Amino acid sequence: MELREMFSKYSPFGDLTVVSICFVMIVLMMFSYITKSRSFRIFLSLVSILIVAALSDVTFYTLATSGPQYRSAASAVRCLYHFLLFLIFLHFVIYIVEVTRMSRSEKRPYLIIAGILFVAVVLVDVIDTVRGENFILTEEGIRFSGRNVFFFGYIAFVSLIIALLAKVRKRLYKQVMYGFYGSMAISFGVLLTQGLNGQASFTVATFFYPIIAMFYIMHSNPYDVTLGAIDRRGMEDTVAYHFAKRRDFLFISLYLKFFNDEGKTMPEDLQASFRHFTADFFKGAMLFRVGKGHVILMIPADRNPNCESQMTNLHNAFRHEYHRYHYDYKIVIGRAIEEISRKNEYVSFVRSIHRNMDENTIHWVEPEDVKRFNRSDFILKQLEDIYEKCNLDDPRVLAYCQPVYNIRTGKYDTGEALMRLRLDDAGLVFPDQFIPLAEENGYIHVLTEIILHKTCDQIAQLTQKGYEVSRISVNVSMLELEDIHFCDDITRIIDKSGISGDKIALELTESQTDSDFILMKDKISQLRDLGIKFYLDDFGTGYSNMERIMELPFDIIKFDRSLVSASEASERSRTIVVSLAHMFSNLEYSVLYEGVEKDSDEKMCMDMDASYLQGYKYSRPVPIEKMEEYFEK
Ligand code: C2E
Ligand code: CA
Ligand code: CA
């Protein structure tokens, strides 16, 4: 069979369109954020090769139709053109292997076959062309005379790619697969149509369609177009890129608590301010949205030598905006820190700083922050380990106890269990440094179980030695009540120790929502049947809902230390506290004052319907074994 391709059927518009669209893509890539991954670099080479391939196709036809004296040059360009198209095939294989993260051993056979195929096809193509056995250029077109290596090479590569896609199909999201298959199907359709018409103008274009699919699916723009922000993964990729290239940068983090809640969206003009902050103060700055109300601006240091003064300008602009909106904010400003970049943990780092920050303040990162972050990172790892081991005797979790003075009997017969951690390298760790971490990461319940177990054990020992222990209270976090096993866990631990339920009290803080309230009511009623008592902790620190409190069968209301201090400071506050305490005791609740430090505190609290007193005046929290010194025989 003799194949012919008529020059009259070729038009350079197909190739030139490909070249121009490639340039459009390059422009878009320059002005959007794209992760500079390996696959993206392969993609960029693909686009460049495609441009050269399309131009070589145009050159070939120009030469071939310019007279017999240009025919050998045209043949050479034709070989170059084939070489480039196979190079694109080879890159397709490398690209698929890269984006699907195939292991070394998995990808090796495919890469070897693709490599051999590439070298073989290109070599045979060149040799055949030189020997005049590939194709012959005539006045009116190409006459394929020999074995048409290009055709066989094309079929072989396409088969290899289909086999490879079949192998990785489970690793790619189905929609992504369909995207690639769809674009390939269109390529084949175009190729077939052009073959049936003896056409040749769209061969390069058929290589282009899968590349468009890659751009769209794999490297598309993750901008939030209204805010001009990129997502958290984008930030991590950028940090990794800067770290690898050893590039310095500054970051400004802005946290607006208000928008962190579900369903709160930023108003139009606030978004406009964000766009203005990002675009108009620094060169090459990128904004990342790392939480609903949390954005971080990254500023390349080398492109902004005068960043200090720009920072002041930005600050002034921000203050102006703040006076318009009055959303509470926390701002953290810093420079790239090697340690944090290596771990790629700027978001957690900034959040750890937020914990110790007041609303509407600006914090400049200091070396001390990094130390503190590393410490809390270490604590978190330990908590994770404690959680995984789930050993109720874990020696790292210490039960301390603070005795409580009973005014009616004039004795110490109760106390509050308080947790400490003893960690190698970190020493004794206090609750403010680990309770929030444990709560955020879901480790709090195990800690409570350990403290409860150690407390029960201690009560059993004290009772056996003949000490009078009415009960010891243990703190419980609201989050724990959501666990369906909560009541079973508490019951099991108390039962195992052999003490009776009424030796234990649980301290709860007020529920903030109706669903929490229902949950609390349900758990309290279940556990009260075992004799367990309930305390309302930290009364006076939040907005109290009296109606809800009255509906729960608490035994003791613990007045927070802030109420004690306030009563001391003003007559008015004192009147309020007195009437609250009076109301509670009339309703048969006992009132306990926390944070009694001085004799004057004690005297004042005694005049305010106190049943129990707790504070440094009597004792600081001590290791629970030392409670023998307070309880009487
Ligand atoms: P809290 O439940 O309000 O515990 C009372 C805190 O007040 C204790 O701090 C105690 O040492 C401190 N305190 C006692 N007397 C005085 C005083 O006279 N003056 C002052 N200024 N402070 C006094 P600690 O042990 O650091 O515990 C802090 C918080 O950590 C506790 O507040 C509680 O919310 C939480 N916590 C402690 N242990 C546990 C636990 O086992 N589980 C849970 N979920 N939370 C715990
Ligand atoms: Ca407490
Ligand atoms: Ca308290």
Side-chain angles (χ1 to χ4, degrees), residues 355 379 383 386-387 392 394 396-405 412 414-422 428-456 458 471-483 486 489-490 493 504-510 520 523 533-542 544 554-568 591-602 604-605 610 612-624 626-627 630:
R355 260 184 232 121
I379 294 171
L383 288 173
I386 292 170
Y387 171 78
L392 293 185
D394 199 311
R396 289 170 289 188
V397 183
L398 305 184
Y400 270 56
C401 190
Q402 188 174 32
V404 170
Y405 182 69
Y412 298 102
T414 61
E416 174 182 7
L418 292 161
M419 190 172 355
R420 309 284 182 260
L421 297 182
R422 188 189 305 287
L428 198 63
V429 187
F430 285 82
D432 58 323
Q433 292 171 28
F434 69 87
I435 299 276
L437 276 180
E439 286 181 341
E440 278 163 31
N441 294 281
Y443 304 142
I444 188 73
H445 183 53
V446 174
L447 297 179
T448 300
E449 288 186 303
I450 298 175
I451 288 297
L452 180 64
H453 165 76
K454 294 193 171 184
T455 304
C456 290
Q458 198 57 36
R471 78 191 85 88
I472 291 179
S473 59
V474 171
N475 292 282
V476 172
S477 291
M478 188 60 223
L479 294 167
E480 296 178 60
L481 302 188
E482 286 163 19
D483 189 338
F486 178 77
D489 292 343
I490 301 289
I493 292 170
I504 289 293
L506 298 181
E507 297 195 7
L508 298 172
T509 51
E510 266 176 82
M520 210 150 150
K523 307 284 156 167
K533 296 220 164 1
F534 282 87
Y535 296 1
L536 179 69
D537 200 3
D538 299 340
F539 176 74
T541 53
S544 292
F554 287 114
D555 301 278
I556 292 180
I557 310 292
K558 296 186 76 169
F559 278 43
D560 188 72
R561 171 169 164 71
S562 57
L563 296 184
V564 178
S565 319
S567 324
E568 199 175 25
V591 173
L592 181 155
Y593 286 96
E594 289 189 291
V596 178
E597 291 183 352
K598 307 179 295 260
D599 292 344
S600 59
D601 292 341
E602 177 182 71
M604 184 180 67
C605 292
Y612 297 95
L613 299 175
Q614 177 181 354
Y616 294 165
K617 179 185 181 307
Y618 310 100
S619 166
R620 294 197 170 240
V622 295
I624 197 162
K626 293 231 169 97
M627 286 304 284
Y630 296 89

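A quick note: this is a predicted structure, and the numbers were derived from the prediction, not measured. Numbering of ligands and ligand atoms starts at 1, following listing order.
Using modelled atom types, one side-chain atom of Glu480 and one backbone atom of Ser477 make a donor-acceptor pair closer than 3.5 Å. Under the 3.5 Å distance criterion, the side-chain polar atoms of Asn441 are left unmatched by any main-chain donor or acceptor of Ala438.
Note: Leu613 CG to Asp601 CG = 9.5 Å, rounded to the nearest 0.5 Å. Separating the CD1 atom in Ile451 from the CD1 atom in Ile472 is a distance of 11.0 Å, to the nearest 0.5 Å. Atom CD1 of Ile435 is separated from atom CD of Glu440 by 12.0 Å, given to the nearest 0.5 angstrom. To the nearest 0.5 angstrom, Thr448 atom OG1 is 7.0 Å from Ile490 atom CD1.
With no hydrogens or angles considered, a side-chain donor-acceptor pair links Ser619 and Tyr630 at under 3.5 Å. In summary, the side chains of Glu507 and Ser473 do present a donor paired with an acceptor at a separation below 3.5 Å, with no hydrogens or angles considered. The closest side-chain donor-acceptor pair between Tyr618 and Glu602 falls under 3.5 angstrom.
Around the Ca ion (ligand 3), the protein atoms of type N, O or S that sit closer than 3.0 Å are Asp537 OD1, Asp538 OD1, Glu594 OE1, Glu594 OE2.
Within the coordination shell of the Ca ion (ligand 2), defined by N, O or S atoms under 3.0 Å, Ser473 is absent.
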Considering only N or O atoms, set out every pair between ligand 1 and the protein closer than 3.5 Å, with distances to one decimal place.
residue  : atom   : partner : partner atom : Å
ligand 1 : 2 (O)  : Glu416  : OE2          : 3.2
ligand 1 : 2 (O)  : Asn475  : OD1          : 3.2
ligand 1 : 2 (O)  : Asp537  : OD2          : 3.0
ligand 1 : 3 (O)  : Asp538  : OD1          : 3.2
ligand 1 : 15 (N) : Gln402  : NE2          : 2.9
ligand 1 : 18 (O) : Tyr616  : N            : 2.8
ligand 1 : 19 (N) : Glu597  : OE2          : 2.6
ligand 1 : 21 (N) : Glu597  : OE2          : 3.2
ligand 1 : 22 (N) : Tyr616  : OH           : 3.3
ligand 1 : 25 (O) : Arg420  : NH1          : 2.9
ligand 1 : 25 (O) : Arg420  : NH2          : 3.0
ligand 1 : 38 (N) : Met419  : N            : 3.0
ligand 1 : 42 (N) : Asn475  : O            : 3.4
ligand 1 : 44 (N) : Ser477  : OG           : 3.3

### Task
Assess whether side-chain contact (heavy atoms from CB on, under 4.5 Å) is satisfied between Met419 and Phe434, documenting all intermediate values.
CA-CA 10 Å; Met419 190 172 355; Phe434 69 87; 3.8 Å; yes
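Glu416 contributes atom OE2 as its closest N/O/S atom to the Ca ion (ligand 2).
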